[in-house]
Amino acid sequence: MTDTTFPIPAAAGRGPRRLAGRFPWLMAPAAVFYVVFFGWPLLQMLWSSIWSDGFTFAGYAEFFSEPVYWWVLGYTMVIGVVTLVLTLGIGYPVAYWLVGLNKTWTVVLMAFVLIPFWSSGLVRTYAWLVILGRQGLVNTTLISFGWIDEPMPFLGTHTAVLVGLTYYLLPYMILCLFSVMNNIDRNLMLAARNLGASPLRAFFAIFVPLTKPGVFAGSFLVFMLAVGMYITPALLGGPDQTTLPLVIALQINEALDWTLAAALSMILLVVSVAIQIFANRYVDFDKMWGGAR
Amino acid sequence: MSTQRMTLAPSRRSPVSILLAAFSITVLAILFAPIVVIVVVSFSPGDIMEFPPQGFSLRWYEAYVSNPMWMTATRISFLVATLTAILSLVLGFMVSVALVRSSFPGKNAVRIFLMSPLIIPKIIIAVGLYFLYVRMRILGTTFGLVAAHTLIAMPYVVMIISAALYSFDRRLEWAARGLGASPLSALRHVTFPMLRPAIISAALFAFIASFDDIILSLFLTKLTAPTLPRQIWVNVQQIIDPTIAAVSTLMTLISVLGLWLVALIQKLSSRG
């Protein structure tokens, strides 16, 4: 049915068009809300980072002069990259496998991805505390079998933080990859096979390049979430696993150094926005968000 | 489609595909296992956590229900999540109509701005709002937390409602207008009923986004009036007490219920 076959009464034709001009005003409440609770706090944070009874760059100066902050920033980025590599490496084969199943099985098994995805991140991190903690399941089991005498310190290690982050973010990666893989016409691979390509060649020359949007979107999402994560390093890590969000929270809750907290937040914000701008060239956000739903 | 897939897999029982299946099933099991552990531990009768537990008891659920602190936290969480769903739905619906049905310069920039709370690390939003609330003297108020949660719920609401509005056939509205309906009654009798699945889904997303949030709650609530995640956080740092497992199980149940409802609505609306 096209527009011309549908009889639109003249009066109604005028109505919507007249209304159309007014629609931007519907944005006003949300605009005010965003300005007050999003734009303003961010600007104020920028202000706080350079103003404390007069202009000061003390926060930034402290960041750039103290090697420990550089170390924390570097560690945060490394954790983000390693988490991204782990989720991609684990998620890609799983998504590939899920897409190849028949529909009933895909629906059933996707529940194993979607239920963790929807569960609270705190609950899921707490679960690892229960499993790996000093009085956690692994330790109590090992002790009850008499294999060890003292609880093993699983927590407070890089591994614990990486396990927690990978576990938390894997569903995001799988969902991003799945939504892209699911739309790939598998006949293309069949065609490649018919033209004499080996299964491996068909996979790497045809399938993998087509999944690029999902890989970029998933990687971007996982990295951003990993870098900004607070609860996972806080609960599963120790002093050696201090990430930027932990330092920011520490400045506010204990050190009460707002200037430094604001400066550190601005640095994290600048890093995130830079990555976002970089990713914008490779990630189709409309598609990504459409897929995440 | 399924037959194509069948013929596509060249050899279902090849070592590679068996390996792939084994790996994938293991990963899915590991994804699910911690949730199972929490649920099982929550029913344990002992004072310390054992796995598998020696028996079955509801004592940690009783401990949860009989503790006024947990009950306060539960009430606050539900209240804040409900208010967040309402506020983000009202704001999100209006802004979605504006975005989908009109064109103006900078529309794309507005869309990116609307979505950005989803991408910017939540801790930055939390710190920014903390500074703001301290100065406005609304730190620890329900309103402050609802506003913060609305901010992180808005991207989901705008995404879902915009998508529904894009696929909405506006000629139905025009027809109603042509038949003499006022703009408001066309909205009420035509647009809203047709968008109902999207509106309910968006409300559920917003509710869960608020209900599961920890980081904003951590900065913006008072210790005397915490949300459920904040109360879990406080307890986690002190002792590992199976009450937390009971609360976690209930929270997971609510999330899963939300997911199931969204899936159900999608199924029903795609059928109807």
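We name chains A, B, ... by the order of the sequence lines, and we start the count at 1 in each one. Computed from a predicted model, the values in this text were never measured in an experiment.
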Which portion of B:Leu28 sits near chain A, non-hydrogen atoms under 4.5 angstrom: both
Within 6.0 Å of CH2 in A:Trp47, more than 12 heavy atoms from elsewhere: yes
A:Ile131, part contacting chain B, at a heavy-atom distance under 4.5 Å: side chain
B:Val27 side chain near A:Leu170 side chain, heavy-atom distance below 4.5 Å: yes
Contacting moiety of B:Ile38, where chain A heavy atoms sit under 4.5 Å: side chain
Close side-chain approach of A:Trp118 to B:Trp260, heavy-atom, < 4.5 Å: no
Segment of B:Leu114 engaging chain A (4.5 angstrom heavy-atom cut-off): both
Test of ring centre spacing under 6.0 Å for A:Tyr126 and B:Trp233: no
Proximal component of A:Ile248, with respect to chain B [non-hydrogen, under 4.5 Å]: side chain
Under 4.5 Å from a heavy atom of chain A, the part of B:Val134 involved: side chain
Structural part of B:Phe93 lying under 4.5 Å from a heavy atom of chain A: neither
Region of B:Leu129 that comes under 4.5 Å of a non-hydrogen atom in chain A: both
Under 4.5 Å from a heavy atom of chain B, the part of A:Ala262 involved: both
Under 4.5 Å from any heavy atom of chain A - which part of B:Val247: neither
Residue part contacting chain B, namely of A:Ala31, when any heavy atom lies under 4.5 Å: neither
Under 4.5 Å from a heavy atom of chain B, the part of A:Ile275 involved: neither
Side chain / backbone / both / neither for A:Ser272 at chain B, heavy atoms under 4.5 Å: side chain
Qualifying residues under ring-ring contact (aromatic ring centres under 6.0 Å, His included), relative to B:Phe131, sequence neighbours excluded: A:Trp258
Heavy-atom proximity to chain A below 4.5 Å, by part of B:Phe211: neither
Segment of B:Ile124 engaging chain A (4.5 angstrom heavy-atom cut-off): both
Listed partners of A:Thr259 passing side chain to side chain donor-acceptor pair (under 3.5 Å), at least two apart: none
Side-chain donor/acceptor of A:Tyr167 to backbone N/O of B:Leu31, under 3.5 Å: yes
Any B:Leu151 side-chain heavy atom under 4.5 Å of A:Phe33 side chain: yes
